[in-house]
Amino acid sequence: MMGGPRIISVTQRIRDPSTLLELADWGNLCPSFPTDWYERPPTVEHSLVAGPTDVPSMVQKYQSPVRVYKQPFELVMAAYERRFPTCHLIPMFVDSEVLGQSVSDDGSVHTVQRRCKLDVDAPRLLKRIAGVDYVYFSQENTLNKRERTLHIESHNETFSNRVIIHELCCYSTHPENEDWTCFEQSASLDIKSFFGFESTVEKIAMKQYASSINKGKEIIEFYLNQLDEEGITHVPRWSPSLDGPTSSVTVKPFYTAPKVLDQEMPAGTAAANPVLADTVDDEIASVNDSATNDITSKDGSRQPDNQTENLTVASDDKLDADYIKRYLGDLTPLQESCLIRLRQWLQESHKGKIPKDEHILRFLRARDFNMDKARETMCQSLTWRKQHQVDYLLETWSTPPVLTDYYTGGWHHHDKEGRPLYILRLGQMDTKGLVRALGEESLLRHVLSINEEGLRRCEENTKIFGRPISCWTCLVDLEGLNMRHLWRPGVKALLRIIEVVEANYPETLGRLLILRAPRVFPVLWTLVSPFIDENTRKKFLIYAGNDYQGPGGLVDYIDKEVIPDFLGGDCMCEVPEGGLVPKSLYRTAEELENDDIRLWTETIYQSGSIFKGAPHEVVIEIIDASSVITWDFDVCKGDVVFHIYHSKRAPQPPARKEPLGGPHGSLGTPGGNNVQLIDKSWTLGLDYSMVETPLTCKEGESVQGSHVTRWPGFYILQWRFHTMPGSASTNLTRVDDVLASLQVSSHKCKVMYYTEVIGSEDFRTACFDVQSLGSMTSLESSHSGFSQLSHATSSSNNSQSSSMISRQT
């Protein structure tokens, strides 16, 4: 078939055990490679598709930062020349030969064509299939002594119809210090086809190239030290020969600072690139015949080699490698390339303000240095910041007094690694009161201001401690956490805050220390953990009880001198103690809605009316035992008694009856928001059973709780009119009770409620996640606590400990 793929049949009789081992290693290197190939019987046949015309090529690119040698250009060139014709520091660089060279009339420009021979570290079987033992590259090197630049361009000769490798390198003087030398390189790898092993070749090439990049600067520094030991510390600059032509020849450089940054490339080009055919002596002779001394001894002046503190970027759109190490941290060559590429893309596509280098790096780390994903999320974040004027938040945001008094969070010194430390006493915070008083939007703004302040503190600590600090540590104290914190609008607000922070402040949390986690914590963790990035969850450390005080606790991460006093330390902490937000500060739903704040109250909560003799009931069907029923309700009017029952039978809502006085009677039955499910013919203890101790709730109370179910079936939540103790203690009819029975409307109670069921599997997973995040001692504490909880539920129908309940008046 014309234009179709060529099928190459490779048949091999495998006898050598080493070949089998090599195949096994190759299978590990290339996961897409069929692992059963080396497990087949002695005769192995495999079809490889070579040279398909319809398969898209695989392109990888690389761009280096600007690497600075703190020596003059001429001395660096003298060191560079010592790498040829071969270099013992580059084992795969076997040999090189000069194919041709030319010199300009005035001797300022010297061009060399060279052919390099490389022994690529690839599986022996791959070399057999390819039919080659060595890989050859062509190079063209242009040394401009007048401009003090060396441009290197190289490409592969071997397999050039299948794989295209192109590399550009440049040595030049530093734009701010003419006695320093800069080096840059870029490369691209385009794999069109390679016998069906494109992925394998790509991995080998990336591995080889990354290794050569790391060695490149080491090799130059090795020869610079060698020159220093020989007493060679200075090579004079080129000057026009007095006997030669006065006119100079200008050679247009074929290489400029790359605008598209790349990622990888194969078969050791960069560090293995041979350049310059002429020797050092020839270079010096062509520079100066007799005038001044060619070499300055050690007694002469020399630019110090030690690193200066004032690291600068080589130019406005380029990053210095020393700057990256000092302010951004140790990055692999490929990670450096991704940073430079994304940074340059932002400069070209976003003409306005772009994020700082530290923040760009955070987005790359959050996406495992996937350029496309990092670029997409960063663009979304930039749009969001501009839309909401987040860049000016610290200057424009004024903390409301209620947050100053009742928001239990604040900055507190730093951890042992120099990271800013933020303390949040969540267990002491009235989340419901804050949401009711401020609304979700104000809380979100406040949290964003905390994150903006965290970024500023990271920059400050980077300067103070002399090392890159790009994230902070958060300490969360859960002492006092109860079911009230699971108030549904509060949880919804928390989830939205997590979503916004995860999207716009990635990799800002270095470590999260959760202390004194109570038994209710796994319920909260079940609700919020799905919205937290997996990499972020790995940074959580959870301690139950006083486990944080022992080995592996706070002292491992925070200096003893700065442990807050409320955690047993000696350092006074200025974080507010919190407390309940006064209801007088609450705002109505209409007021919050006018401020474009959503509380979700209308869509989440339901209302129920309770009358004397007519409770309001909700049925929940449980399929799997050990599920968790959670509830949250406010008693809006009157006093009620809350019950939970279990029945194997499904209750049927009774048919609606007419009022006792007829359609127009004065004594009415409950309205449409009153539901009664327990049939009056049912007998307690026979048809249904009580699984929780009744809870009396006063008007104005807010109650949150949960119950771990023991059996499948139907669970009935009931709110009953609270009868005064006097009427319940005697069988005698009281005048007040008779009069009250004639005024049913005066005995109406109202509740707003929300219920949710957490599946047993989700609950167990949450418990397991919490245990796996905690220390060994906290693991035991959490496990024992929930074992007691489950045991209490199954062993007693009247056990208050089987549920977790909190309330506020």
Side-chain angles (χ1 to χ4, degrees), residues 64 66-87 89-90 93 96 98 101-104 106-114 116 139-154 167-175 177-185 215-241 248-249 251 253-255 270-289 291-296 300 302-303 305 314:
S64 75
V66 178
R67 306 193 185 279
V68 178
Y69 300 97
K70 295 180 175 63
Q71 287 86 16
F73 174 80
E74 289 74 21
L75 190 63
V76 172
M77 291 295 98
Y80 184 83
E81 180 61 23
R82 298 203 170 194
R83 298 170 51 174
F84 301 102
T86 185
C87 178
L89 298 175
I90 313 175
F93 182 32
S96 64
V98 176
Q101 54 184 314
S102 61
V103 181
S104 63
D106 63 354
S108 63
V109 178
H110 191 175
T111 303
V112 179
Q113 291 82 34
R114 191 184 301 271
C116 305
Q139 288 186 342
E140 181 172 297
N141 312 315
T142 303
L143 173 65
N144 190 320
K145 303 170 187 175
R146 181 189 300 275
E147 302 294 335
R148 304 179 74 197
T149 61
L150 171 64
H151 295 292
I152 310 164
E153 181 176 18
S154 62
E167 182 187 44
L168 300 172
C169 301
C170 177
Y171 287 88
S172 61
T173 57
H174 194 286
N177 189 332
E178 63 178 11
D179 289 329
W180 289 359
T181 305
C182 296
F183 173 75
E184 292 181 85
Q185 66 187 119
K215 291 181 180 179
K217 188 174 183 180
E218 297 176 5
I219 294 171
I220 294 295
E221 291 176 343
F222 171 83
Y223 288 118
L224 285 171
N225 291 332
Q226 192 178 80
L227 289 170
D228 186 60
E229 292 172 358
E230 297 174 5
I232 302 174
T233 60
H234 176 72
V235 176
R237 296 185 187 181
W238 178 88
S239 61
S241 175
S248 63
V249 178
V251 178
F254 58 81
Y255 172 70
N273 276 342
V275 184
L276 259 59
D278 45 347
T279 64
V280 177
D281 294 337
D282 293 335
E283 295 289 350
I284 298 175
S286 65
V287 169
N288 196 342
D289 288 334
T292 60
N293 292 333
D294 289 349
I295 297 173
T296 300
R302 182 183 179 190
Q303 180 69 36
D305 190 38

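The model shown is predicted, which means the values in this text are computed figures rather than measured ones.
Here the shortest heavy-atom pairing between Ala79 and Ile220 reads CB-O, 4.0 Å. The shortest non-hydrogen separation linking Tyr223 to Arg83 is CE1-CG, 3.7 Å. The nearest pair of heavy atoms linking Leu75 to Leu224 is O-CD2, 3.8 Å. The shortest non-hydrogen separation linking Pro85 to Ser96 is O-OG, 2.8 Å. Val103 and His110 make their closest contact through CG2-CD2, 3.7 Å (heavy atoms, listed as atom of the first residue, atom of the second, distance). Nearest approach of Phe93 to Cys87, heavy atoms of both residues: CD2-N, 3.9 Å.
Applying the ring-ring contact (aromatic ring centres under 6.0 Å, His included) criterion to Tyr171, with sequence neighbours excluded, gives Tyr80, Phe183.
For the pair Arg114 and Phe84, the cation-pi criterion (under 6.0 Å, within 45° of the ring axis) is fulfilled.
Of the inter-residue distances, the one linking Glu153 atom CD with Cys170 atom SG reads 12.5 Å to the nearest 0.5 angstrom. Rounding to the nearest 0.5 Å places CD of Glu74 at 9.0 Å from OG1 of Thr173. The structure places NZ of Lys145 at 15.0 Å from CZ of Arg237, a figure rounded to the nearest 0.5 Å. Going from atom NE2 of His151 over to atom CD of Glu184 covers 10.5 Å, rounded to the nearest 0.5 Å. Ser102 OG to Gln113 CD: the interatomic distance, rounded to the nearest 0.5 Å, is 6.0 Å. In this structure, the separation between OG on Ser154 and CG on Leu168 is 7.5 Å, given to the nearest 0.5 Å.
Contact of the Pro240 side chain with the Trp238 side chain is registered, since non-hydrogen atoms from C-beta on lie closer than 4.5 Å. Leu89 is not listed as a side-chain neighbour of Glu218, based on a closest heavy-atom distance of 4.5 Å or more. Using a 4.5 Å cut-off on side-chain heavy atoms (C-beta onward), Cys182 and Pro175 make contact. No side-chain heavy atom of Val109 sits under 4.5 Å from any side-chain heavy atom of Arg146.
With Thr142 as reference, Thr111 is the one residue of Leu150, Thr111, Val112 to meet the side-chain contact (heavy atoms from CB on, under 4.5 Å) rule.
Look at Arg148 and Asp179 and you find no salt bridge, because none of the NZ, NE, NH1 or NH2 atoms lies under 4.0 Å from a carboxylate O.
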>> Could you go through Glu178 and Phe73, starting from their C-alpha distance and side-chain angles, then the distance that decides it, and tell me whether this counts as side chain to side chain contact (heavy atoms under 4.5 Å, CB included)?
In response: CA-CA 8 Å; Glu178 63 178 11; Phe73 174 80; over 6 Å; no
